[in-house]
Amino acid sequence: MLIVTGYMHVDPSDLSRFHAELQAIAVVVRQRPGSLSYDAAVDDAQAGRLLIAERWHDQAALNAHLDAPETKAFVQHWEGKMRGDICKYDASNERDLIAD
């Protein structure tokens, strides 16, 4: 499993529109093969910062998402108006939250 997480930054005056468009594309993204979760939450409205959290089955699923027409259109539309501080992590040791 891959975990993609971090912060996305936009101008605070664009935050509502950015978040709404991101939520609209999320409906499609969550249906893609290999998408385990895809979420964004406003972390600091005054700073225009959102927390991004995604989980993907594997790199092929993430690549397919990044190459999808809807994803490319979203990125192109917001190019130069958003800045990401996003990292990808391999999660190969999944276990229960509470240890036995």
Side-chain angles (χ1 to χ4, degrees):
M1 175 175 44
L2 299 176
I3 297 172
V4 177
T5 189
Y7 294 102
M8 188 66 67
H9 306 268
V10 297
D11 188 285
S13 65
D14 290 332
L15 182 61
S16 292
R17 188 167 51 111
F18 180 85
H19 191 229
E21 291 179 18
L22 187 58
Q23 292 301 322
I25 195 174
V27 172
V28 174
V29 173
R30 289 181 185 123
Q31 301 304 312
R32 290 188 178 142
S35 174
L36 303 175
S37 65
Y38 187 87
D39 298 288
V42 175
D43 181 63
D44 184 340
Q46 291 182 333
R49 185 174 65 218
L50 296 98
L51 176 62
I52 305 297
E54 306 173 20
R55 293 183 309 133
W56 296 92
H57 184 265
D58 55 24
Q59 187 64 51
L62 177 56
N63 289 348
H65 160 64
L66 295 174
D67 288 336
E70 299 89 356
T71 304
K72 287 184 172 186
F74 178 85
V75 170
Q76 184 178 29
H77 174 76
W78 286 98
E79 190 171 16
K81 297 178 271 187
M82 65 177 177
R83 179 178 57 85
D85 180 16
I86 309 283
C87 294
K88 176 180 71 173
Y89 303 90
D90 293 306
S92 58
N93 190 19
E94 185 176 349
R95 56 192 179 276
D96 291 334
L97 184 60
I98 299 174
D100 294 328

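Numbering starts at 1 and runs along the sequence shown.
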From OH (Y7) to CG (L51), nearest 0.5 Å:
5.5 Å
Gap separating the CG atom of N93 from the CE atom of M1, nearest 0.5 angstrom
10.0 Å
Straight-line distance of R55 CZ to S35 OG, nearest 0.5 Å
9.0 Å
Which distance, rounded to the nearest 0.5 Å, do you find between the CD1 of I25 and the CD of E70?
6.0 Å
Could you tell me if the side chain of R32 sits less than 4.5 Å from the side chain of T71, heavy atoms only?
yes
Within the side chain of D11, is there an N or O that forms a donor-acceptor pair under 3.5 Å with the backbone of S13?
yes
So do the side chains of N63 and W56 get within less than 4.5 Å of each other, counting heavy atoms only?
no
Quick one: are L50 and L15 in side-chain contact, heavy atoms under 4.5 Å?
yes
Do L36 and V28 share a hydrophobic cluster (ILVMFWY, side-chain heavy atoms under 4.5 Å, transitive)?
no
So, for P12 and G48, which heavy atoms are closest and what is the spacing to 0.1 Å?
CG-N, 3.9 Å
Any heavy-atom pair between the side chains of H9 and D44 that's under 4.5 Å?
no
Between F18 and M8, is there a side-chain heavy-atom distance shorter than 4.5 Å?
yes
Does the side chain of L2 reach to within under 4.5 Å of the side chain of D58, using non-hydrogen atoms?
no
I need the K72 NZ to L66 CG distance, nearest 0.5 Å.
9.5 Å
Those residues that, when tested against R17, pass side-chain contact (heavy atoms from CB on, under 4.5 Å) (two or more places apart):
D14, E21, H77, W78
Tightest non-hydrogen contact, residues P33 and A61, listed as O-CB, 3.6 Å
ILVMFWY cluster, I52 and I3 together (side-chain gap under 4.5 Å)
no
Within the 4.5 Å heavy-atom criterion, are E54 and I86 side-chain neighbours or not?
no
